[in-house]
Amino acid sequence: MNPNFLQTPVVYLKGVGPNRAEILKTELGIETYGDLLQLYPNRYLDKTQYYKINQLKDSGADVQILGKIIHLKTVEQKRGKRLVATFIDDTGQLELVWFRGQKWIRENLKLNEPYVIFGRINRYGSTFSMPHPEMELLQQHQAGLKVSMQPIYPSTEKLSNSGITNRVVSKLIQQLFMETKANFDETLSENLIADLKLVSKADALLNIHFPKSQELLAKAQFRLKFEELFFVQLQLLNKKVIRKHKIKGLPFDQVGEKFNAFFQNHLPFELTRAQKRVMKEIRNDLGSSAQMNRLLQGDVGSGKTIVALMCMLLAIDNGFQACLMAPTEILANQHYTSLKELLKDMDVSIELLTGSVKKSARKPIHEQLENGTLHILVGTHAVLEDKVQFKNLGLAVIDEQHRFGVAQRSKLWHKNNLPPHILVMTATPIPRTLAMSLYGDLDISVIDELPPGRKPIKTVHRYDANRLKVFRFIKDEIKKGRQVYIVYPLIQESEALDYKDLMDGYESIAREFPLPDYQISIVHGQMKPQDKDYEMERFVRGETQIMVATTVIEVGVNVPNASVMIIESAERFGLSQLHQLRGRVGRGAEQSFCILMTGYKLSNDSKTRLETMVRTNDGFEIAEVDLKLRGPGDLMGTQQSGLLNLKIADIVKDNQILKSARYYAIQLLKVDPKMEKSEHLSIRKAYANLVKDKAIWGYIS
Ligand code: ADP
Ligand code: MG
């Protein structure tokens, strides 16, 4: 086939004029024959199955039923009238309803003759109805051509309003197959096809649009999903190769005096095995001649800060500066304080730069950054401002990466002539499968071990009705000298309501835990920053025993003496949020507890979330469940959703295929890195076509 054929503008296809072409483009992003070919059906109406009326369950299902009409009547309604038929089989009855074309139907329908009907059912209480069914007399049905699986294509209101119905789309695709004689180029190698027992590309395309059976459809889907993921992986792997070879990194070839001094004399504890392993991985990167782009994952409390510090010392030993960026002022402050403490006996200069640092205090910071006397800068987004110039930035550490956008990361890159090494730290565990697809070109290190001596947090789920017992428990813990968080949800859409919940809750707690025996702090989003800080400080110093708060405490606060976390309306939090909140306790030597409070009414998803929290403390396991419940887009925040732009594969559901695609992509690049061998020609051609019109890969790193 002429390779340019698929690039043909769709306007040239018979049945598509300029108008339709425009709508296809704006509504579905379809511009070429190739785009149209890749408009895969969302689902298929399976006309190989017959339902019995007593098998019908819910509204919305498309079903095919064999039966007969026993009664026909016209019902007057407010505007116009409707035609209603009583349709029965040997298990029950349902109503067929028409609002349009009633006269024709009334004259042509036959009573008491076997019909095959097909359509979407509605349920009202225990009765079912089917508006505007497709109908065929059984006799005709048996004589006719069998379309067993009818494809249903993605659509929008605008599409169907402009007459581009499912039937029309289907026709257009048929037309496309006619013009091409379904002669599509193979895109995978013979070896792969044989190894994985794949159907050919042409067969796959034919059967994804016009499946003859469930089995052929499944084969087509598998082939197309594999192919899609395979090429994604090829691109990611290649990108990584390019970065390693083409983007020169700053050489950190010495392990020098500061690193060694810290390691030998100032390390306050022994590193865990996981921390040691990760340090080794990072040192390998920094010592090679390539720029590092590494994602460091570790659950809350796993000890990422010390790893970041040691990397920064490596930078300083090699004559470079380092910076650490955090998403909030509180977090930046806390990093600054703990790093300063760790460095107190060392000759390393460190400063803090956030929005609230005064102008007069900024000036010397800028100067020292520019003349190189400042070693480490800790800060918020303020670090990214153009005014902030380094003499020679060698390493940028970014904490909690999911809150930083791509543009911001690229700003960092340009703070130095050669891009600095980048270490991204996140406490949101990203399941490996997802990390592989989203960050396949980043290197990933995982701290999968908590420092010794921590007792796992005990988590329970309690109903609101048992609140008194929970209060008694809180009193017992406070008697032992512990502190308690009580957290309320805060969701933007209903901020006012949430505020009321919080205040009602606060009042009842204040009644239950009266002064002077108990002191309570309260922190919420409507307070002034100074007031928040004041309340927070009181809790940190142990002057108050209870902290009532909205989720503002999610990141930041570190109070080792706090051992109880109560989460109110826990069903309203997402899993990763619950896990982050729970991570606020369990930081000291004492046994810690997390109590999830809810009412009795819970959705299935809520139940799953609560059960998962009670069952495990493992952030990765929780992330897997979260991913299954919410899908990858939500997990990563809207910023990342849809980025992969997959047409058919689903990185959660098709996890196994993803693994195999990655495996085969790695194998291919191992034996033939440039895809030059003749047996890889088809892959190379398809790959070249893909990267040619896809700039989206620029988003990573
Ligand atoms: P996170 O990964 O959540 O950023 P931190 O770096 O804040 O975790 O570490 C959490 C706590 O654990 C800190 O108080 C830190 O000093 C302590 N810590 C880190 N590593 C170790 C270790 N190897 N042994 C004992 N305590 C450690
Ligand atoms: Mg941290």
Side-chain angles (χ1 to χ4, degrees), residues 248-294 296 298 302-326 332 334-353 364-379 383 388-399 412 415-425 443 445 447 451:
K248 271 186 77 74
L250 303 165
F252 286 14
D253 28 35
Q254 316 193 20
V255 175
E257 175 233 332
K258 293 208 162 49
F259 184 94
N260 285 330
F262 181 79
F263 193 77
Q264 278 151 23
N265 306 323
H266 304 290
L267 199 58
F269 36 67
E270 169 142 22
L271 294 181
T272 61
R273 256 177 328 192
Q275 284 169 321
K276 283 184 194 157
R277 188 190 64 236
V278 166
M279 271 315 296
K280 211 180 266 168
E281 288 165 0
I282 294 173
R283 272 172 61 177
N284 271 341
D285 282 4
L286 297 176
S288 80
S289 57
Q291 186 238 3
M292 173 173 83
N293 240 331
R294 192 171 274 279
L296 173 57
S302 61
K304 295 183 291 294
T305 315
I306 199 95
V307 171
L309 174 61
M310 292 173 69
C311 296
M312 293 196 278
L313 292 176
L314 275 176
I316 299 166
D317 276 340
N318 287 278
F320 293 99
Q321 295 165 297
C323 75
L324 188 159
M325 282 206 315
Q334 208 157 57
H335 273 307
Y336 176 67
T337 316
S338 52
L339 291 178
K340 216 173 151 74
E341 170 67 22
L342 286 164
L343 292 169
K344 66 176 186 289
D345 298 320
M346 291 193 50
D347 180 22
V348 172
S349 55
I350 175 168
E351 291 292 345
L352 177 70
L353 184 69
I365 296 180
H366 285 306
E367 278 169 19
Q368 291 166 37
L369 272 182
E370 283 164 33
N371 67 26
T373 48
L374 180 56
H375 294 128
I376 298 177
L377 181 67
V378 178
V383 170
V388 181
Q389 297 288 338
F390 292 80
K391 178 162 184 245
N392 54 2
L393 180 63
L395 169 72
V397 182
I398 305 175
D399 198 13
L412 259 182
K415 290 263 171 211
N416 208 47
N417 292 337
L418 278 178
H421 296 293
I422 306 237
L423 181 67
V424 171
M425 306 197 292
D443 297 299
S445 288
I447 305 185

Rounded distance (nearest 0.5 Å) linking atom CG of Asp399 with atom NZ of Lys304: 6.5 Å
Side chains of residues 337-346: which donor-acceptor partners sit under 3.5 Å, not counting sequence neighbours?
| from | atom 1 | to | atom 2 | distance (Å) |
| --- | --- | --- | --- | --- |
| Thr337 | OG1 | Asn333 | O | 2.7 |
| Ser338 | OG | Gln334 | O | 3.0 |
| Ser338 | OG | His335 | O | 3.3 |
| Glu341 | OE2 | Lys344 | NZ | 3.1 |

Ser349 backbone acceptor or donor facing His375 side chain under 3.5 Å: yes
Pairwise distance CG(Leu313) to CG(Leu309) - rounded to 0.5 angstrom: 4.5 Å
Pairing residues for Phe320 by the ring pair (Phe, Tyr, Trp, His ring centres under 6.0 Å) criterion, not counting sequence neighbours: Phe252
Closest contact, heavy atoms only, Ala326 versus Ala332: CB-N, 3.8 Å
Backbone of Gly372 reached by a side-chain donor or acceptor of Asn392 within 3.5 Å: no
Rounded distance [0.5 Å steps], CD in Gln368 versus OG1 in Thr373: 4.5 Å
All side chain to side chain contact (heavy atoms under 4.5 Å, CB included) counterparts of Glu370, not counting sequence neighbours: His366, Gln389
Verdict with reasoning, Leu324 to Ile376, per side-chain contact (heavy atoms from CB on, under 4.5 Å): CA-CA 8 Å; Leu324 188 159; Ile376 298 177; 5.5 Å; no
From Glu351 atom CD to Ile365 atom CD1, the distance as rounded to the nearest 0.5 Å: 5.0 Å
Shortest non-hydrogen contact from Ala322 toward Ala315: CB-CB, 4.4 Å
Partners meeting side-chain hydrogen bond (donor to acceptor under 3.5 Å, both in side chains) with Lys391 (sequence neighbours left out): none
Donor-acceptor under 3.5 Å (Asp317 side chain, Val255 main chain): no
Non-hydrogen atoms of Ile447 and Ser302 that approach each other most closely: CG2-O, 3.7 Å
Phe263 atom CZ, neighbour heavy-atom count above 12 within 6.0 Å: no
Rounded distance [0.5 Å steps], CD1 in Ile306 versus CZ in Phe262: 4.0 Å
Review item, side-chain donor-acceptor pairs of residues 270-286, under 3.5 Å, at least two apart:
| from | atom 1 | to | atom 2 | distance (Å) |
| --- | --- | --- | --- | --- |
| Glu270 | OE2 | Lys276 | NZ | 3.2 |
| Thr272 | OG1 | Gln275 | N | 3.1 |
| Thr272 | OG1 | Gln275 | OE1 | 3.2 |
| Gln275 | OE1 | Thr272 | N | 2.8 |
| Gln275 | NE2 | Gly303 | O | 2.9 |
| Arg277 | NH2 | Val446 | O | 2.5 |
| Glu281 | OE1 | Ser445 | OG | 2.4 |
| Asp285 | OD1 | Arg294 | NH2 | 3.3 |
| Asp285 | OD2 | Arg294 | NE | 2.8 |
| Asp285 | OD2 | Arg294 | NH2 | 3.2 |

Separation between CG of Leu352 and CG of Leu377, rounded to the nearest 0.5 Å: 8.0 Å
Residue pairs fulfilling side chain to side chain donor-acceptor pair (under 3.5 Å) with at least one residue in residues 255-268, sequence neighbours excluded: none
Gln321 (side chain) donor-acceptor with Ile316 (main chain) under 3.5 angstrom: no
pair Ile422-Gln291: side-chain heavy atoms closer than 4.5 Å: yes
